[in-house]
**Q** 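Quick one: this structure, given as structure tokens, is what I'll be asking you about.
Sequence lines set the chain letters: A, B, ... in the order given, protein chains first and strands last, and positions in each chain run from 1.
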2 protein chains.
Amino acid sequence: MARKKNATLNDIASTIGVAPMTVSRVVNGTGYVSEKTREKVLLAVKEMSYRRNGLARNLKRQKTDTVGLVLGDISNPYSTEIANAVRERLAARGYNLFICISEHSANEDIGAFESLVDHNIDGLIVATRSNQEGDERLRSIADSNLPVVVVGRDFHHSRVDFVSADNLRGGFEATQHLIDLGHRRIAFIGAGFESRSSLKRLQGYLNALEKHGIEIDERLITGRKESVSDVPGYSTEKIGYEGMKRLLSLPSPPTAVFARNDFTAVGAMSAIKDAGLSIPQDIAIVGFDDTPLASHMMPALTTVRQPMRLLGQLAAEMLLKRIAIEDELERDERVLDCELIVRGSSVATS
Amino acid sequence: MARKKNATLNDIASTIGVAPMTVSRVVNGTGYVSEKTREKVLLAVKEMSYRRNGLARNLKRQKTDTVGLVLGDISNPYSTEIANAVRERLAARGYNLFICISEHSANEDIGAFESLVDHNIDGLIVATRSNQEGDERLRSIADSNLPVVVVGRDFHHSRVDFVSADNLRGGFEATQHLIDLGHRRIAFIGAGFESRSSLKRLQGYLNALEKHGIEIDERLITGRKESVSDVPGYSTEKIGYEGMKRLLSLPSPPTAVFARNDFTAVGAMSAIKDAGLSIPQDIAIVGFDDTPLASHMMPALTTVRQPMRLLGQLAAEMLLKRIAIEDELERDERVLDCELIVRGSSVATS
DNA sequence: TGCTATTAAGTTAACGTTAACTTATTTTCT
DNA sequence: AGAAAATAAGTTAACGTTAACTTAATAGCA
């Protein structure tokens with residue numbers, strides 16, 4: 001038996017002998033309908049298990065009450081917290097949220113954009129890492145006047161709002177903290193030196209070193225250039241582990257490490273322990289994000305906390321504002337403070 | 001300036017003096033179009049930055065090439081791995097994936113179902129925890145002949161396929177492992193005794209105890225009944241911590257703990273350490289899911305690995321099959337093996 | 001040369017809904 | 001009682017697309 005076709009407004013209307021519009025009124029609770037008719041309609045709706053066709057409805061209404069969110073790394077609590085916060089704020093205002101993942105490539109970014117725009121979402125929030133083709137596509141979407149907000153990444157467009165944590169300052173403070181503890185050979189794990197302009201945390205690290213007159217040693221900046229698409233999930237742990245191994249094999253290894261995020265830090269911690277060294281006595285370590293696991297590590301991980309919920313909330317609000325106000329709007333740009341959370345992995349060891 | 005309206009096929013067609021259908025043909029690359037016309041159309045499309053209206057298109061085509069995935073706890077790598085696997089498989093077959101989160105309530109489950117169905121998705125994958133109202137709604141969706149697959153949870157419907165890890169067996173083996181190590185007072189953290197029918201892991205635990213003639217002590221089964229909606233993210237860590245505290249305050253505390261998942265286990269580990277006890281000497285512990293952090297704990301956490309990617313892949317394939325074959329299909333049901341990963345948190349301490 | 005096949009369009013209608021308007025009936029109020 | 005207001009519908013057209021069909025011109029071929 002082939003898939004049975006769903007009943008339409010017309011089907012309902014013709015079986016009970018009213019106009020489709022009347023059924024529409026009942027279903028949507030708008031306009032005038034007599035109690036008698038309403039009941040008749042409701043009965044038929046139930047009987048024929050009618051369900052309105054959202055496509056047709058949205059086509060006619062010219063809006064979908066739906067917002068799209070494109071996430072990069074979905075395995076990261078950073079993303080998921082933002083997603084949750086966004087969803088909550090949107091739900092409170094009657095909007096649905098569709099999430100698309102774009103884990104690996106610019107292609108997938110574009111695919112996600114396309115599929116969301118194809119569904120005529122009312123607005124788009126983007127929290128992926130920046131890349132050229134994706135940005136181009138995004139620019140043309142913004143040009144078409146769809147409300148867009150980007151979170152935690154660079155993107156410049158006069159009609160696109162922007163909200164991010166202050167990664168530059170966060171990276172600076174994390175490094176400064178290690179310097180304050182007396183460290184001079186401080187490594188960075190999670191990206192190569194060439195990422196310094198796009199990765200603010202790395203730039204913050206460099207700034208801190210420079211400020212204190214510590215020479216930058218590129219051998220202490222280690223990441224992985226090749227694609228890591230073969231490693232699903234928290235791939236940054238592996239990068240942290242391998243990066244740390246590499247650092248430990250240097251003629252003069254670092255005494256402290258700033259990792260681009262907590263997962264990288266956790267991987268690095270494992271490598272340090274595997275090498276028979278102890279934290280923070282031999283090597284101090286600082287992460288980024290304050291994921292819940294940071295506080296459960298042994299020793300607990302010093303890290304930089306981002307206000308993820310706030311990021312999500314603000315992003316949602318900026319977008320809702322853009323959706324509500326159809327006029328040209330000033331680009332809104334918010335950079336939120338991070339907070340250094342000092343724990344056992346980086347205490348003074350006189 | 002109000003939002004400018006997007007150009008339509010008609011706009012393009014009338015400005016260059018062809019029929020809308022011709023433009024449609026060019027845009028979709030179907031049918032016969034002369035090279036000259038094609039170029040003219042393509043130029044206008046670019047000039048007027050035309051973008052097809054997916055709503056209208058899908059309404060006409062009666063399909064969207066889109067699948068919906070409803071996730072419960074998005075903060076859990078279990079969910080995110082499944083999501084990734086599903087997305088990959090679907091993408092390979094030209095389908096888009098829209099993810100909806102339903103973190104807290106039956107209401108949100110239903111909201112997610114509705115918003116996806118409203119967009120006329122071609123199929124639905126559900127990976128939330130079961131609840132009555134949500135299941136009712138899901139049943140009626142399945143009744144309407146929309147292809148549906150559920151992952152990792154109970155749901156019975158003749159047209160709904162099912163794929164899950166063998167949580168019962170996993171729970172059994174985890175507990176059996178602790179028994180084999182000589183433990184007799186084994187606690188379960190993460191749910192109350194009353195969840196035994198819906199939580200297979202707990203049932204597996206109970207079965208193992210029973211098999212070995214160990215009396216079930218309900219005081220050793222601890223969870224949290226109240227809503228945890230105030231705790232975003234990995235809330236189960238908190239449950240683990242608090243549950244463990246409660247267990248340690250018992251007159252005769254357990255010597256081993258089976259936690260419903262790794263996050264709960266990590267929380268419990270912290271509580272054990274905070275109490276000045278050591279793992280596994282004083283208390284052995286086993287988690288579930290083999291999240292990446294499990295291997296990085298100190299000691300590394302023994303846990304039960306679920307084949308998450310496989311779960312996602314199978315779910316996607318089952319759904320695609322249902323979408324492709326419109327005829328009545330036998331309910332497909334797959335239960336996949338888990339694997340016990342023994343690590344430092346549960347070794348023999350003769 | 002005539003006949004079929006191919007190419008290149010155009011035309012019509014429908015996907016399922018709702019905004020906007022119209023008509024008819026009932027109620028309310030002075 | 002009569003006019004204005006409120007209620008209860010129905011009608012029309014459009015949202016933007018494409019499937020299915022038609023028409024017309026050109027190409028291919030025996």
Side-chain angles (χ1 to χ4, degrees), chain A residues 3-42 44-45 48-66 114 117-122 144 146, chain B residues 3-42 44-45 48-66 114 117-122 144 146:
Chain A
R3 202 119 67 219
K4 81 162 172 272
K5 265 186 57 192
N6 291 332
T8 71
L9 275 188
N10 262 293
D11 299 340
I12 304 280
S14 63
T15 52
I16 61 175
V18 298
M21 196 59 220
T22 302
V23 181
S24 171
R25 287 197 182 101
V26 172
V27 171
N28 293 292
T30 57
Y32 296 117
V33 184
S34 71
E35 198 46 44
K36 220 173 63 188
T37 311
R38 149 168 278 106
E39 272 167 25
K40 217 167 44 170
V41 170
L42 250 24
V45 161
M48 307 172 69
S49 57
Y50 166 76
R51 176 153 237 301
R52 76 166 172 235
N53 183 317
L55 249 38
R57 180 167 197 254
N58 291 334
L59 174 60
K60 178 65 187 174
R61 296 195 324 151
Q62 299 286 75
K63 59 172 178 163
T64 53
D65 297 329
T66 299
E114 298 286 334
V117 173
D118 261 1
H119 279 259
N120 288 29
I121 47 168
D122 293 343
S144 81
L146 182 76
Chain B
R3 201 119 66 217
K4 82 163 171 273
K5 265 185 58 191
N6 291 332
T8 70
L9 274 188
N10 261 292
D11 298 340
I12 304 280
S14 63
T15 53
I16 61 175
V18 298
M21 195 59 221
T22 303
V23 182
S24 171
R25 287 199 181 99
V26 172
V27 170
N28 294 292
T30 56
Y32 296 117
V33 184
S34 71
E35 198 46 44
K36 220 174 61 186
T37 311
R38 149 171 277 105
E39 271 167 27
K40 217 167 43 168
V41 169
L42 249 25
V45 160
M48 306 173 69
S49 58
Y50 166 76
R51 171 154 241 301
R52 75 166 172 235
N53 184 319
L55 249 37
R57 179 167 198 253
N58 291 334
L59 174 61
K60 178 65 188 173
R61 297 195 322 152
Q62 300 284 75
K63 60 172 178 159
T64 54
D65 298 330
T66 299
E114 298 286 333
V117 173
D118 262 0
H119 280 256
N120 288 30
I121 47 168
D122 293 343
S144 81
L146 182 76

**Q** Are side-chain heavy atoms of A:Thr37 and A:Val26 found at a separation under 4.5 Å?
**A**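 No, their side chains stay 4.5 Å or more apart.
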**Q** Could you check A:Val33 against B:Lys60 and say which one's nearest nucleotide on DNA chain D is further toward the 5' end?
**A**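 Per heavy-atom nearest nucleotide, the more 5' residue is A:Val33.
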**Q** Indicate, with a heavy-atom threshold strictly under 4.0 Å, whether B:Thr30 touches base, sugar-phosphate, or nothing.
**A**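 No contact at all - B:Thr30 keeps every heavy atom at 4.0 Å or more from the nucleic acid.
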**Q** Which nucleotide span of DNA chain C, 5' end to 3' end, has atoms closer than 4.0 Å to non-hydrogen atoms of chain A?
**A**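 Taking any atom under 4.0 Å from a heavy atom of chain A, the span is C:dG16 to C:dC21.
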**Q** Side chains of A:Asn53 and B:Leu59, heavy atoms from C-beta outward: is any pair under 4.5 Å?
**A**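 A side-chain contact exists here, since the closest heavy-atom pair is under 4.5 Å.
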**Q** Does D:dT7 have OP1 or OP2 under 4.0 Å away from a side-chain N or O of A:Tyr32?
**A**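 For D:dT7, OP1 or OP2 has a side-chain N or O of A:Tyr32 closer than 4.0 Å.
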**Q** Both A:Asn10 and B:Ser34 contact DNA chain C. Which one's nearest nucleotide lies toward the 5' end?
**A**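 That would be B:Ser34.
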**Q** For residues A:Leu55 and B:Thr64, determine if any side-chain heavy atom of one lies less than 4.5 Å from a side-chain heavy atom of the other.
**A**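 Result yes, sub-4.5 Å side-chain heavy-atom pair found.
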**Q** Both A:Asn53 and B:Glu35 contact DNA chain C. Taking the nearest nucleotide for each, which residue is further toward the 5' end?
**A**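 Whichever sits nearer the 5' end wins; that is B:Glu35.
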**Q** I'd like to know if the side chain of A:Ser14 and the backbone of A:Asn10 have a donor-acceptor N/O pair within less than 3.5 Å.
**A**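 Present.
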**Q** By nearest heavy atom, map B:Arg51 and B:Arg25 onto DNA chain D; which one lands nearer the 5' end?
**A**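 Here B:Arg51 is the residue nearer the 5' end.
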**Q** Of the options A:Lys60, A:Gln62, A:Arg61, which is the one that meets A:Asn58 in a side chain to side chain contact (heavy atoms under 4.5 Å, CB included)?
**A**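 Between A:Asn58 and the candidates, side chain to side chain contact (heavy atoms under 4.5 Å, CB included) is satisfied uniquely by A:Arg61.
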**Q** Could you check whether B:Asn28 gets within reach of a base, just the sugar-phosphate, or nothing at all, counting any heavy atom under 4.0 Å?
**A**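 Answer is sugar-phosphate: B:Asn28 comes under 4.0 Å of backbone atoms only.
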**Q** In the structure I gave you, are the side-chain heavy atoms of B:His119 and B:Thr66 within less than 4.5 Å of one another anywhere?
**A**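 B:His119 vs B:Thr66: side chains apart.
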